[in-house]
Structure formats: structure tokens, C-alpha cells
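Chain letters run A, B, ... following the sequence lines, proteins first, then strands; residues in each count from 1. The figures that follow rest on heavy atoms only: side chains count, while hydrogens, waters and symmetry mates do not.
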Amino acid sequence: MTIMTAERYNAREAEPKWQRIWEDKALFSTRNDDSRPKYYVLEMFPYPSGRIHMGHVRNYAMGDVVARYKRARGFNVLHPMGWDAFGMPAENAAMANKTHPASWTYANIDTMRGQLKSMGLSLDWDREIATCDPRYYKHQQRMFLDFLEAGLIDRKTAKVNWDPVDQTVLANEQVIDGRGWRSGALVEQRELTQWFFKISDFSEDLLTALDGLERWPEKVRTMQQNWIGRSEGLSVRFALKPETTPNQQTSLEIYTTRTDTLFGAKFLALAPDHPLAKAAAVNNPALQSFIEECKRMGTAQEAIAKAEKKGFDTGIRGLHPFDPDWEIPVYVANFILMDYGTGAIFGCPAHDQRDLDFVHAYGLGVTPVVCPADKDAAQFHIDDVAYDGDGLMINSRFLDGMTPAQAREDVASRLEKVMLDGQPVGKRKVNFRLRDWGISRQRYWGCPIPVIHCDDCGIVPVPKQDLPVKLPDDVLFDRPGNPLDHHPHWKHVTCPHCQKAARRETDTMDTFVDSSWYFARFTDPWNEEHPTDPTVVNHWLPVDQYIGGIEHAILHLLYSRFFTRAMQKTGHCGISEPFTGLFTQGMVVHETYKDSDGQWLSPAEILIATENGQRKATRLSDKTPVDIGSIEKMSKSKRNTVDPDDIIGSFGADTARWFMLSDSPPERDVIWTEEGVLGAARFVQRLWRLISDISEIKPHSASVSNPDRVLDIRKAAHRALIRTEEDVERLRFNRCVAHVYELSNSLQACLSEQSDPCDPQLTKALREAGFILVQIVAPMMPHLAEECWHLLGGQGLVAEAAWPKADRDLVIENEITLPIQINGKKRADITIARDADQKTVEAAVLALDVIQKALDNQKPKKIIIVPQRIVNVVV
RNA sequence: GCCGAUGUAACCCAAUGGUAGAGGUAGACGACUUAAAAUCGUUCCAGUGCGGGUUCGAGUCCCGCCAUCGGCACCA
């Protein structure tokens, strides 16, 4: 039976219609006083860059599936949206287009809000916040003052990239090959006094608490673990020959985790900004210029690590802690970081690649001290690759024959007893790689740091009743530097203490501060008095499911974890971990295209055709051939972006959402293809036709029935339902999509074999399956689902309907097919009762012809029976 | 450079250590059509990036390599 339906589903009419109905019924406005169990699902809020991109579509489609599903399952769901609205692009736009950062930002927000609304997301727009709104940043300033009072904030110097021509601080991304992106001038490191959040006070807790984050991806926990970088090592003071030092200094403290390699030491190395390096440079112009050169690398770790290893011999000589006759040269080296440990190390080239590269440049020699177990100690030597594995100690006097772990322990306990200047030479020390969080930015478009500098009173917090410290509107971007600093009067204020003339802090906060607590603000965004309401925030937090890009795996998530702890300490919330469930989604990528001149072309400018199985691209305008390039992250510079508006305009939001959820697992990258979108669009029509057909089936009056077919349909529907539940819970949306396809295929096959009118039992089963199909589709394609729900005559809206109850008994099979392997290769299968015991299975297997043949009258060596899984016969 | 990940059919992907295939795209053939699109039906295609190892059995676990991607503290 095929019922011809002439009409097509018109997404452009249907989608706005259902969106209006949802909005009129305020379906997604969440009340804080609802008694149902809470569920907080949050996607990382966007930066208002101008227009949404496909990455947003993917991210928000995923969150919406979870939100709609949990709502159907009876939860009071909080699913809010806002804007990460401070940041550099607004200032760049201001300079380029003479627009004000605020008007640029708010115009972008308006555009993007409209785009998000057209996606049909079940968001509570009543809670919308923008971090650049004084009603938001007022509370952030308040918490800054509370943190200051609680001793969670520090002021100290930090290195910044300085552009000497533009006279401004540059972000790492604005430094290209050691030069400023605008001026092209060689960048220098400069030290500025900056504000810091003392995140390192929480190092140990941030590390150990990772174990409790069971619903976080393992890889993110590992990355954070490595970032925090706890190490147990030893601080060792090397004696210096005083006559070789610039200041009669008698010792140099280094930090190491490899005390076992002490007898392989070839040099000591100082960071270029180590005090001893600076002192040595005073009367040494060559060293001074080497240090200058190091500073020109900027502050990015990547540049420092990739640079060729270079050093400068200071002439200072250290003495080996176990041998006063053993002199070791002290270098300044470009790869030593002042921020880590003591800013000084001893170098053992045989067992550290960086040290090895370094000695190769300066001919300091290599002595291996750890020999791998499978190598001969007399023969073992190091060429270009350092050995960092385990083994036994060699060339190390009293340590020879120990394992490195034993040697580390032995050296530590010996050096604890060796005294130098009345202090032990070695001290055990736990060290963290994690540094304090520098939040000062010398920029306009950020949250002002609410303090005042007074010549007499020092640093004075802005009184809380004076908050917010608002950004001035009348600023100019006609000269480099911070507009707050050269504003005619903004920074000139009177000291709250002594009423004398004083200056406002002109630094603003890192935008990561804004995004470190927005999830808490969403719980009570209307609160004018306080950042949060304790009852409300503790009811909603932690976020049950947080979804966002893997690029935030470390900084944003770690800062938010710190900030939540700081809020807890200052009474702004009662918990320490903000996100119990985390999911990191992959990127949206697309093919790239170049014309014959090597210019990037956008997908809209080309036509792709298949010739002899080969995909060929031509330019639409002049039919010239186009090179199809590699698949890359969508970016404006490569012109391989697809505007969600275009897709939503031509196919509808459901098609865009469906395609973004299908195919690739959500944590992986997804390739945006024209074929894929067309496939998704076709399925929208197919599903609509299928449901139309089901809704039009007429049962005949006779009671004849085909019970097997009825059961098959019911089984297919309930199996799809159960699997969808499991997969939504685990955010495996691509598999949910597959279940929908599978069920549609089954229903379609059944439908095409039926006569009209239809068996009444089967009619009932098909209608039941139709409803289930619509409900499992609803979180993914909500508009189409409403339309189908309506066709089937469902009560009310599918967005309000309770999730159907799966009948688990239906999907249990009594007989199973068991594959039979001989020596691990599949050779046969048997069908046997599900609950058959091992002996029955074994007898059935041995009775098989193939097994008899393979055994050739021998006894099997072994029979492995994995119940309900597989049988392997070893012959 | 360091840290983290990924690599399966022409393409995207699936597979608690247990039959390499759930699903989609593309292709081929057929039905419908004057024809095309759409639709429906049938069907072809890999031994899992490379090299070793553990195991009765490896896409999955371990070691080494290659390629690609994310992060590296002032992009968000």
C-alpha cells in the first residue's frame, strides 16, 4: 500500500509557526521554585563575533537534544544562553571601522540572538546575560573585592609582550615571528606589575578533585593533571666559586626531579631573567645583549620551546655537591623558565633531550648515568637521542647498580645531611607547574578592576556601594595604548580613605574571568543586590551537563574550577566543582578550494561534479577548473565557511541540526558536505511522508491478523526507543540518528507490503511505532516532530509530552545465534536457547560438521565459551 | 618542542578484547517517467595508517614510527 502524498513538508512555514507557539506558551521559561528534580544543561556561551557559525549550530543542537530529552523525562530543566561579550575583537573593530566596541558588540548580539532563535533551541531567554553589561560586571567587581579581602588576590610583576612602536601590550596571537602584527616591530619582553588570582594556592585541591569528576572525558582530566604538573623533587644548592660570581654569591639554588642523574651533570643553567643572570650581565655587555635577544622571543611558551637551544657562559663556576673538585660551568640559557622551580637547573644531557641539544651546541660532553636493562653498560652511549627510560645507574660512584628510583632516594637523603652555609644542600620539595592567573589587561573593552591607587594610602578598594565602576563611553581609539589610561578624566578620582587626589586602576580583567562564573549567574540573573542567591545557586549548581569545544579543556575549565572554589570561600556559592558532567565536542570542518592563481574560493563560488568517479570542481563565474584542497577547520581566511543562515533559509533548522548530529561521533570533527546536507533534507521529507502514510492507514473490520508482523513492528519500535535512551544519556547522537533511520526503514518496508485497508492489530502497532518514532526524533528535529505529532493526532505538543515508556520484555530474544570460531577465525554459527548451559553449547558445537572435520578425530586443545557471545575451539 | 587526541570500504562513521558493518553519502543495476529530478527496490566495495608484541582470539591492550588535529597561560 502506498499512499501518494503530493504535498511536501515546508520547513520555512512550519518552523517559525512552532517557534511562536512554544514562545507563546513560555514552554522553556524555567522557574526556580519548581518541585520537580532539577537538571542544568549548559553549552559554552558564544563570543558575539558577528554571526553564528556551524560550530555553534553543532554545539547548541547537542545541548538542545539533552535539554528536550530531560524535559520529556520529567526534569525541571535549566537551559540558558548569554554572551561572552568583552574581548579584543571589539576593540580591533573599533580601530578598523570607527565604531564603538559597545555598539559593535550589541549589534552582533542582536544578529546572533535572531540566528539562534531561528534554530528552534529550547532556551530560557528570560535569563539572557551579556558580560559587558554593568549589571553583570558589577557583581564581578564585587567578587574581586571579596577575593581581595580573603587573600585570594596578589599583585606582582609579570612579563608581557611589548610593541615598542605601537607602545602597547600584545597578546601572544598578535606576535607573529617575533614581531608585532600591526607595526612589524621586534617585540620585547617587559615586566609590568599586574593583578593575579592565586590559583596556585589551590593546586593540590584542583589536582586531587579531578578524580571525582567521573563524568568528564578522561583526556581532559589528563590534560589538566599535566597542566597542574605536580612533581616531587629536590631543591639543591650548588656551591659557587665566589671569585667567579659578580656579587660574591656563594650558592645557587636549582630544582630538579632527576637527582639520580647528578653525576651526569655538565652545566648549570639560569633563566635569562634570573637575578644572578642579571647581576652577571651588569659588567658583561655580551651577556647583556644575549639576554636582550632572549627577551625578543616574547612570552609564548611555544616559541621558547621551539627555538634553537642557545646559551651564554657567564664565567661563573659551580661545584658538584658530592665532589668539591668538580667544577661545573654556569650558563644563561634561552629555554630555562623563571616561572618554574627556581629559574635554574642542572643539565644532564644524556637523559634530557633539551639538555642534549644544548651541549651539542657548546661541546660540553655527554656521560650516560642510566643504562637500559637490555644494554651493556660498557658499550652504552648517547648520540642524538636522550634516554629517559628506566634501567640501572652507571658512571655514578656510590649510586652504581641502583635503579634510578633508589638513586633519587639515596641522593635526597644524603644531600639533606650535607650542610652549606649552615643550611642543608638538598631539600625535598613538591613543585607545581601551575602558575598564578594573571588577570590584568591593558585594554578598554573589559571589566574594570575596582581599585584606586593613592600616593598616601596605597591600594584602596573601591567601596562596594560605589560599584559598578563603569567603563566610560566616550573613548577614542585613535592612538595606541589603553584608552582608559588616556581618557581625560576617568581615572582621576579622590581617594576613598583620605579624599586626596588619586588614580583609578586602568587595567581591566581577562575575559576568562567573565566566563568563570556566568553559569552561576544564570541561576538568578535578576538579582541586583548580589552575584548569586545562596539557596538558588546551591539548588541549580553544579551544572549537570556542560558542552563545549575541546579547545577549552584547560584554561576556561580550570579557571572556572578555581573561581567556584573562590566563590565558595567568600560565601557566593556552596560547592567547589562547577560541572559534574562535561562533554567536549569536535569541530566542524570543510573542504577548501583554490583557483588557478592560488586564491581561496568559498563553497558558494564553485560547482562540484563527478566525472568517471572523480570529483571535479569548477568556478561558477567563468567555468575555470578549481583545486579541491584539504579538509580544514572552517575559517574566514580559508573561505571554507558555510553560513548557518543560508542552510536554515533553504532547508530549515531541523535539517541543519539533523546533519550536525548525524554521522560523526560528537566528540570528533564533522565534515560539512553539501551531499550530507541534501541527505538530511531528504530524510526530513521522507520522515514526514512516512508519518503521513501511517496517519492515513484505515483498519478493515475483519479481525484477521498476522501476529508475527505485529510483533516485529513493536519490537523494532521499542528497541529503537531503548537504544535512543541509552545513547542520549551518553551523548552519542550519531547513534540516535542511526536508530531513527533503522526504525524508519522498518516501518517503511512494512507499510509498502500492506494492503489497504490494513489489519487492525498491525494498524495499531504502526501507529504506536509512529508515535515512538516522532518522540525519539523530537529532541533532534523539534519542528518536524511537532508537525508529525499533529498529523498523528497527538495530544497537545510533543515538546510537552512525557517520554514514552519502553517495554523491555519485547526486546528480549529467546534464541540467540552464537558464532563458532576455530583458532580465532569464524567458521560457523549455531542457533541455541538463550539460557543454554555450557555443556549443551559444547555438545552442539562438537556435533558440527566443520568442527568434526577440523578435529580429525583428535580432542580439541581448548574450548572457550563466552556465554551469549562466542565459542572458540582451539585444535 | 612539550602535553592531549585521532587514523576502519570511494567518503563520513559502527563494532563491553569475541562474527569487521548499525546508519548515512557516493557508485552500479532495476522500477516509475516522453525525459529528468524526486521516490522506491536490488547491489558492489575494506581486513582496520606503518612495523613489532601480548592473547585461544586484537580495530580495540602494550611498544616504536608516520600523518592529521587541539592546547601551550594576553584569541575566545
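- Heavy-atom contacts from other residues, nucleotides or ligands closer than 6.0 Å to CZ of A:Arg354 number 12 or fewer.
- Contact annotation for A:Gly676: no contact, since no heavy-atom pair falls under 4.0 Å across all strands.
- Looking at heavy-atom distances under 4.0 Å, A:Ser440 makes contact with a base.
- At distances below 3.5 Å, not a single donor-acceptor pair connects side-chain atoms of A:Glu191 with backbone N or O atoms of A:Ala158.
- If you take CD1 of A:Ile52 and P of B:A76, they are 20 Å apart, rounded to a whole angstrom.
- Summary of the strand contacts: A:Gly679 and A:Val874 both lie near RNA chain B, and taking for each the nucleotide with the nearest heavy atom, the more 5' one is attributed to A:Gly679.
- Within the nucleic acid shown, A:Gly586 has no heavy atom closer than 4.0 Å to any nucleic acid atom.
- Per the geometry, CG belonging to A:Asp388 stands 9 Å off P belonging to B:C3, to the nearest Å.
- Rounded to whole angstrom, the span from the CG atom of A:Leu678 across to the P atom of B:G27 amounts to 12 Å.
- Here the side chain of A:Thr508 pairs a donor or acceptor atom with the backbone of A:Arg443 at under 3.5 angstrom.
- Nucleotide B:G47 is shown with a syn base, its glycosidic torsion being within 90° of 0.
- For A:Met223, taking side-chain heavy atoms from C-beta onward, the closest of the listed nucleotides B:A14, B:G70, B:C72 is B:G70.
- Across all strands shown, A:Arg221 has no heavy atoms under 4.0 Å from either base or sugar-phosphate atoms.
- Checking B:C40, B:U25, B:A76 against the side-chain heavy atoms of A:Arg682 singles out B:U25 as nearest.
- Between A:Thr222 and A:Glu667, the residue anchored nearer the 5' end of RNA chain B, judged by the nucleotide with its closest heavy atom, is A:Thr222.
- Within the nucleic acid shown, A:Arg686 comes within 4.0 Å of sugar-phosphate atoms alone, with no base atom in reach, counting heavy atoms only.
- Using a 4.0 Å heavy-atom cutoff across all strands shown, A:Lys306 reaches at least one base atom of the nucleic acid.
- In this structure, B:C29 forms a base pair with B:G41, meeting either the Watson-Crick or the G-U wobble geometry with both donor-acceptor distances under 3.5 Å.
- Residue A:Val160 places its side chain closer to B:C74 than to any other of B:A76, B:C56, B:C74.
- The nucleotide B:A5 finds its pairing partner in B:U68, both defining distances of the Watson-Crick or G-U wobble pair being shorter than 3.5 Å.
- Residue A:Asn226 has no polar side-chain atom (N or O) positioned under 4.0 Å from OP1 or OP2 of B:G71.
- Put simply, the side chain of A:Asp154 never gets that close to the backbone of A:Lys198: no donor and acceptor are under 3.5 Å apart.
- Within the nucleic acid shown, A:Glu302 comes within 4.0 Å of at least one base atom, counting heavy atoms only.
- Atom pair A:Arg668:CZ and B:G4:P shows a separation of 19 Å (rounding to whole Å applied).
- In this model, no donor atom of one side chain and acceptor atom of the other lie less than 3.5 Å apart for A:Asn226 and A:Arg221.
- Pair check for B:U60 finds none; no Watson-Crick or G-U wobble contact set falls under 3.5 Å.
- Here the OG1-CZ distance, from A:Thr105 to A:Phe86, works out to 8.5 Å after rounding to the nearest 0.5 Å.
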Could you tabulate the donor-acceptor pairs under 3.5 Å formed by side-chain atoms of residues 166-180 of chain A, not counting sequence neighbours?
{"unit_1": "A:Gln167", "atom_1": "NE2", "unit_2": "A:Pro164", "atom_2": "O", "d": "2.8"}
{"unit_1": "A:Asn172", "atom_1": "OD1", "unit_2": "A:Asn161", "atom_2": "ND2", "d": "2.9"}
{"unit_1": "A:Asn172", "atom_1": "OD1", "unit_2": "A:Thr299", "atom_2": "OG1", "d": "3.0"}
{"unit_1": "A:Gln174", "atom_1": "OE1", "unit_2": "A:Ala171", "atom_2": "N", "d": "2.8"}
{"unit_1": "A:Arg179", "atom_1": "NH1", "unit_2": "A:Gly184", "atom_2": "O", "d": "2.9"}

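- Nearest to the side chain of A:Glu551, among B:G71, B:C74, B:C40, sits B:G71.
- Residue contacts shown for A:Pro46 are absent, as no nucleic acid heavy atom lies under 4.0 Å away.
- Contacts of A:His739 with the nucleic acid, taken as non-hydrogen atoms under 4.0 Å apart, are absent.
- Within the 4.0 Å cut-off from OP1 or OP2 of B:C72, not a single side-chain nitrogen or oxygen of A:Arg435 is found.
- Applying the 3.5 Å distance criterion, the base of B:C74 shares no donor-acceptor pair with the side chain of A:Glu173.
- Nucleic acid contact class of A:Asp339 (heavy atoms, under 4.0 Å, all strands): none.
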Using nucleotides 18-21 of chain B, report all nitrogen or oxygen pairs with the protein that are shorter than 3.5 Å.
{"unit_1": "B:G18", "atom_1": "N2", "unit_2": "A:Gln821", "atom_2": "OE1", "d": "3.0"}
{"unit_1": "B:G18", "atom_1": "N2", "unit_2": "A:Asn872", "atom_2": "ND2", "d": "3.2"}
{"unit_1": "B:U19", "atom_1": "O2", "unit_2": "A:Lys826", "atom_2": "NZ", "d": "2.8"}

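- Under 3.5 Å, the side chain of A:Arg354 and the base of B:C2 form no donor-acceptor pair of N or O atoms.
- No donor-acceptor pair under 3.5 Å is formed between the side chain of A:Gln224 and the backbone N or O of A:Leu206.
- In this structure, A:Arg689 atom CZ and B:A38 atom C1' are separated by 8 Å, rounded to whole Å.
- When Watson-Crick and G-U wobble pairs are counted only if both distances are under 3.5 Å, B:U34 pairs with no nucleotide at all.
- Residue contacts shown for A:Phe512 include a base, since a base heavy atom lies under 4.0 Å away.
- Within the 3.5 Å criterion, the main-chain N or O of A:Gly586 finds a donor-acceptor partner in the side chain of A:Arg58.
- In this structure, A:Trp227 reaches the bases: a heavy-atom distance under 4.0 Å links it to at least one base atom across the strands shown.
- A donor-acceptor contact under 3.5 Å is not formed by the side chain of A:Gln301 with the base of B:C72.
- A 3.5 Å limit on both hydrogen-bonding distances identifies no Watson-Crick or G-U partner for B:U16.
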